[in-house]
Amino acid sequence: MTKAQSKYKLPKEKLTLKQKVGQLFMPAVFINDTEEEVQKMERLIKEHHVGSVCFFHSRASAATNFEGKKAVVHNEKSYDRLLELINRYQNAANVPLLIAIDAEWGLAMRIENTPQYPYAITLGALEDNIDLIRKVGQAIGNDCKAAGVHWNLAPVVDINNNPENPVIGYRSFGDDKKKVLDKAQAYITGMANSGTLNSIKHFPGHGDTATDSHLGLPIIDKSMDKLMENELFPFKKLIESGVDSVMVGHLLLPQLDEEHPSTTSSKIISDVLRKQLGFDGVVISDALNMHAVSKKYPEKGKLENAAFMAGMDVLCFSEHVVEGIDEIMKNASEERINESFDRVWNLKRKAFENGNSFKPERPEVYQELNREVAKNCITELYGDPSAVKRIKSSGFLNVSMSLSKENLFAKQLASHFGSEIIELEKIPIDNPENIVLSIFPPVVKPKGQFGFDDSTLSAIQKLVKEKNTLIYLFGNPYVLDILELRPSSNVVLVYQDFPEFQKVAFQHFIQEIEAKGSLSIQLKTVSTNRKNLSD
C-alpha cells in the first residue's frame, strides 16, 4: 500500500468544513516550475487541504498563454519530472490528491517523450473500428495510471460542426452526433478498463462556435430543443450509461441564461445538467484562468464562489485558492458544501481503490496500435482519380514541405522510385506536370494559417492551381480549407505525422493497402463527396 493510499484511510468526519472546501480546489501545477514555485504549491496544498491538482507543461503553454508569444522551454526529462512532482505534492497533502491531466491523445499532450496516440479527429476517420478506439483509451489510461495520474480530463464529446472553430477542431471525433457518442463511449470504456477516471467535455457543447474561450466568450444562441437534438445528445447518452465527471465549458447560451456564462450559471449546471439530464456525479469547471470568465471577475475569489454557487464541484485552474475558500465559506451553506465534498470524496475512493500497479505501455505496443489506426483511417479525397493513376504510372516530382520534421514518406518514395526529394521552395522552373506533394503543417492549431508563412502557402496554392498534384497531408485536415483546392484536386489525408503513419502512407501510395477511412467533418471549401481510385 502506498503512502497516499494509507493516508486515504483518514475518516472524512475529521475534516473541518473549511478543509472540505479546500478539497474542491484544483490548482494548476507545471512540470517546468522553479523550485520556489514548487515549494509555494506544497505549502498551499498542505495548509489549505487542496483536493486535487492538474498538471500542465509550463506556464508559457497553458490555457490563456497557449496562443501567446512566450517561449516554451522543452524538457527532455519531462516524464521524470512529472513523477517527482506527483510524489512531492502527494507527500505535502494531508489527504491524498487526485492527480489530473489533459491526456486526450496521451500524456504527450502535456509531457514530452511519452507515448502519443492519434487525435480524436483521426479516430473519427475510422469506420467500424470501435474496438480500436477502446484499445487507444485503455493504452492512454494505462500510461496515466503508471505515472500516478488518476483523472484524465477527456474525452472531448463536442460535436465539431463549425469549420471556423479555433479551439475544438482536431480534438473532436467529428460532426455526426451518433458517431461522436459511439467513439467517446469506446474511449471511456478503454480508460475504465485501466481504472482511470474520465471527464466528458465541454458541456453543454463547444463545437458550434468560432470563438476561442481561452481568449473570449463564445456564444451558442440555440434553443433547448436544438441543443437536445445535437450538442447535448452525446452528453445525455453518456450520462445515462455512466461517467465519472462532466467538465463545463465557458459558453454563453442566451436562450438558457442571458446573464451568466455556463461556468457560473445555475440554470445550466443545476437545472439542465443536474435536474434535466440527471447527472449526480462530479461537475468540474474548465480552467478558471481562461479569459472567457476570468476577466469578468477581477476580484480574487469571486469567480470561484460564483462557479461553486452555480453548482460546480471542482474548481479547475483556480488561481485564487485561498480567497476562493474564504468566499465560499462566507456564502455557502454547510449542506451545499457537503454535497460537493461527498461527490469529490466518492471519486477519490474510486480512484484509490485501484492503486497504481500499472506500467507504461512498451514502445512496440503503442507503435503497433498507432500503425493499426493508420491502416484504417487513411482517407482519399479524389476529385480526379484518373490524374492519380497518371502520377503513379508515368513519373512524378517528389516535393516535400516538412520544415524541421523528418519526412520518412518522401524518403521512401525516393528509395523506391528513384525520385529525388525536392523542397517546396527549390522546385525547378521547368518542373514536370506530375507532383506528389507531402505536407507537414507546422502546427495543428488553425491560428496563423496553421503556422504556414505567406510565401509557403502561396507556393502550395500555385502548385495546386497549375500542376497535376497529389497531396499527402500529414496533419489537421482543416488545412485543406486554406490551400485553394480545385474541384479536381486529389488529396490523401493521413492525419498524423508519426513514423507509423508515414510508413502506412507509403504503403498506400504503392497500393499495398486500401484507404478505409472517411473524413468525419465538413470542410468549408472541399467537397467530401469525391470518388476513390477504384471507382
Side-chain angles (χ1 to χ4, degrees), residues 31-32 54-58 61 72 74-86 99-126 129 131-156 170-171 173 183-184 186-199 354 356-377 405-406 408 440 443-444 474-476 494-505:
I31 61 170
N32 282 343
C54 186
F55 270 90
F56 292 83
H57 181 268
S58 63
S61 62
V72 177
H74 292 281
N75 183 345
E76 289 300 311
K77 296 185 177 180
S78 288
Y79 187 75
D80 292 340
R81 179 65 165 166
L82 173 69
L83 301 184
E84 174 196 348
L85 290 180
I86 287 177
I99 307 296
I101 199 168
D102 292 294
E104 295 166 22
W105 53 89
L107 293 176
M109 186 170 174
R110 301 292 186 221
I111 313 296
E112 295 118 322
N113 300 324
T114 56
Q116 181 173 350
Y117 301 88
Y119 298 130
I121 200 169
T122 308
L123 300 177
L126 296 172
N129 281 279
D131 191 55
L132 201 49
I133 298 173
R134 180 193 60 76
K135 289 179 180 178
V136 170
Q138 183 162 346
I140 291 172
N142 289 346
D143 289 343
C144 287
K145 291 291 286 185
V149 173
H150 314 102
W151 198 356
N152 182 7
L153 303 180
V156 169
Y170 67 102
R171 299 167 63 194
F173 292 111
K183 292 178 180 186
Y187 184 101
I188 288 169
T189 300
M191 278 209 301
N193 289 343
S194 73
T196 303
L197 303 174
N198 60 67
S199 188
N354 295 306
N356 284 329
S357 59
F358 285 76
K359 295 181 180 179
E361 291 290 4
R362 301 186 309 277
E364 61 269 23
V365 173
Y366 78 82
Q367 289 166 2
E368 179 56 33
L369 184 53
N370 283 340
R371 189 176 297 111
E372 283 302 308
V373 174
K375 287 179 180 178
N376 288 279
C377 77
K405 297 177 181 177
E406 184 178 13
L408 296 174
F440 292 68
V443 297
V444 70
F474 296 86
N476 192 334
V494 190
Y495 299 98
Q496 310 282 162
D497 61 12
F498 306 165
E500 300 84 11
F501 279 74
Q502 293 194 52
K503 292 173 184 177
V504 167

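Numbers here are sequence positions counted from 1.
- H150 contributes a side-chain N or O that, together with a main-chain N or O of I99, makes up a donor-acceptor pair within less than 3.5 Å.
- Between T114 and Y79 there is a side-chain heavy-atom pair separated by less than 4.5 Å.
- Checking side-chain atoms of R134 against main-chain N and O of T189 turns up no donor-acceptor pair under 3.5 Å.
- With hydrogens and angles ignored, the 3.5 Å screen pairs a side-chain donor or acceptor of N476 with a backbone N or O of V444.
- The neighbour count for E76 CD, taken as heavy atoms of other residues, nucleotides or ligands under 6.0 Å away, does not exceed 12.
- Listed for the K405 side chain is no donor-acceptor partner under 3.5 Å among the backbone atoms of F440.
- Under 3.5 Å, the side chains of Y366 and D143 contain no donor-acceptor pair of N or O atoms.
- Classified by interplanar angle (parallel below 30°, tilted 30° to 60°, perpendicular above 60°), the ring pair Y119/W105 is perpendicular.
- Within the 4.5 Å cutoff, the side chain of N152 has heavy atoms near those of the Y187 side chain.
- Partners of N75 by side-chain hydrogen bond (donor to acceptor under 3.5 Å, both in side chains), not counting sequence neighbours, listed by chain and number: N32.
- One N or O on the side chain of Q502 and one on the backbone of L408 form a donor-acceptor pair closer than 3.5 Å.
- E112 pairs by the salt bridge (Lys or Arg N to Asp or Glu O under 4.0 Å) definition with nothing, not counting sequence neighbours.
- Judged by distance alone, with hydrogens and angles left aside, the side-chain atoms of N370 form a donor-acceptor pair with the main-chain N or O of Q116 at under 3.5 Å.
- A heavy-atom distance below 4.5 Å is not found between the side chains of L123 and C377.
- We find the CD1-CZ distance between I31 and F56 to be 12.0 Å, quoted to the nearest 0.5 Å.
- Between the W151 side chain and the I101 main chain, no donor and acceptor come within less than 3.5 Å of each other.
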Would T122 and Y117 satisfy side-chain contact (heavy atoms from CB on, under 4.5 Å), going step by step from the backbone distance to the final call? CA-CA 10 Å; T122 308; Y117 301 88; over 6 Å; no
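- Remark: of the listed residues L197, T196, V136, N142, T196 is the sole one forming a side-chain contact (heavy atoms from CB on, under 4.5 Å) with M191.
- Side-chain contact, Q367 with R371: no donor N or O sits under 3.5 Å from an acceptor N or O.
- Between I188 and P155, the closest side-chain pair of non-hydrogen atoms falls below 4.5 Å.
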